[in-house]
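First the structure, which I've put down as structure tokens, then a few questions once you've had a look.
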Amino acid sequence: QVQLVESGGGLVQAGGSLRLSCAASGRTFSTAAMGWFRRSPGKEREFVAAIMRSGSSTYYADSVKGRFTISRDNAKNTVYLQMNSLKPEDTAVYYCAASRFKTIVELATTTEADYWGQGTQVTVSS
């Protein structure tokens, strides 16, 4: 089992920045891809960004490309999402996810993962 705990959410004005963290514990060596998803009220869960275990490959949703950056520190078992130039439409609960076998593209297209965090709220005011 892998446990994921997100932190770093909050309230920020449009144009501002936030950095989300996802601390993983347990059998972390069993995970391949990790990613971030988000869900806004009344909407389906949406893929945001993903990164392979090596950190060499990343994948982003078009809506965040150029504004968000995903990274990971395997020594700390932590994945980060740096969010810049935030917009009101980025408001959502952000979830960290991990997959044992999926690639980052598969994680993005299926929006399914083996492990999920509890979520952290990000609110962007206009």
Side-chain angles (χ1 to χ4, degrees):
Q1 287 293 323
V2 175
Q3 295 77 43
L4 304 173
V5 178
E6 303 98 332
S7 62
L11 173 64
V12 64
Q13 288 188 330
S17 299
L18 280 175
R19 188 175 83 154
L20 305 183
S21 298
C22 172
S25 60
R27 297 172 64 87
T28 57
F29 59 87
S30 66
T31 61
M34 293 188 68
W36 290 92
F37 294 78
R38 65 188 182 188
R39 177 174 281 164
S40 305
K43 293 186 177 181
E44 297 287 326
R45 183 169 61 204
E46 175 188 24
F47 166 77
V48 177
I51 187 168
M52 288 304 291
R53 180 171 179 79
S54 66
S56 61
S57 297
T58 57
Y59 193 74
Y60 296 92
D62 288 342
S63 58
V64 306
K65 204 172 293 184
R67 300 187 299 122
F68 291 11
T69 302
I70 189 170
S71 62
R72 66 190 296 168
D73 184 338
N74 287 338
K76 295 182 179 180
N77 290 324
T78 301
V79 175
Y80 304 97
L81 185 68
Q82 178 66 44
M83 305 186 295
N84 298 329
S85 302
L86 282 162
K87 305 174 181 179
E89 51 263 44
D90 294 318
T91 296
V93 178
Y94 283 71
Y95 298 91
C96 179
S99 173
R100 291 184 297 166
F101 305 114
K102 287 187 171 71
T103 65
I104 51 177
V105 174
E106 290 170 338
L107 192 62
T109 54
T110 65
T111 68
E112 294 177 354
D114 296 303
Y115 309 104
W116 293 91
Q118 82 289 350
T120 185
Q121 176 71 46
V122 171
T123 303
V124 184
S125 63
S126 57

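Below, all heavy atoms of this structure are taken into account, side chains as well, without hydrogens, waters or symmetry copies. Keep in mind it's a predicted model, so treat the numbers as computed, not measured.
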Where is the tightest heavy-atom contact between Ser126 and Ala14, given as atom of each residue plus distance? CA-CB, 4.4 Å

Establish whether Val12 and Val48 are linked, either directly or via other cluster members, by ILVMFWY side-chain heavy-atom contacts under 4.5 Å. yes

Can you tell me how far apart CZ (Arg38) and CZ (Phe47) are? Round to the nearest 0.5 Å. 11.0 Å

From Leu81 CG over to Ile51 CD1, what is the distance, rounded to the nearest 0.5 angstrom? 10.5 Å

Measuring only between side-chain heavy atoms, which start at C-beta, is Val2 closer than 4.5 Å to Met34? no

Between Thr78 (side chain) and Ala23 (backbone), is there a donor-acceptor pair under 3.5 Å? no

Side-chain heavy-atom pair Arg67, Asp90 within 4.5 angstrom cut-off: yes

Any sub-3.5 Å donor-acceptor pair from Ser40's side-chain atoms to Thr91's backbone N or O? yes

Euclidean distance, Leu20 CG relative to Trp36 CH2, rounded to 0.5 Å: 4.5 Å

Name all pairs fulfilling the side-chain hydrogen bond (donor to acceptor under 3.5 Å, both in side chains) condition that reach into residues 7-24, sequence neighbours left out, sorted by first residue then second. Ser17-Asn84

Under 4.5 Å between side-chain heavy atoms, hopping through other hydrophobics if needed: is there a path connecting Phe37 to Val64? no

Spatial distance of atom OG (Ser56) from atom CZ (Arg72) [nearest 0.5 Å]: 10.0 Å

Can you see which heavy atom on Leu107 is nearest to which on Ser99, and at what distance? CD1-CB, 4.0 Å

Could I get the full list of salt bridge (charged side-chain N to carboxylate O under 4.0 Å, His left out) partners for Lys65, not counting sequence neighbours? Asp62

How close do Met52 and Ala33 get, heavy atom to heavy atom, and via which atoms? SD-CB, 3.9 Å

Verify, without hydrogens or angle tests, whether Arg45 (side chain) and Thr111 (backbone) share a donor-acceptor contact under 3.5 angstrom. yes

If two hydrophobic side chains count as joined below 4.5 Å and joins carry through other members, does Tyr94 share a cluster with Tyr115? yes

Rounded to the nearest 0.5 angstrom, the CG-OH distance for Leu4 and Tyr95 is 13.0 Å

Which residues satisfy the ring-ring contact (aromatic ring centres under 6.0 Å, His included) test with Tyr60, sequence neighbours excluded? none

Same apolar cluster (I L V M F W Y, side chains within < 4.5 Å links), Val124/Phe68: yes

Would a distance-only check, ignoring hydrogens and angles, find a side-chain to backbone donor-acceptor pair under 3.5 Å from Glu6 to Gln118? yes

So how far is it from Tyr59 OH to Glu106 CD, rounded to the nearest 0.5 Å? 11.5 Å

Shortest non-hydrogen contact from Lys76 to Tyr80? CD-OH, 4.1 Å

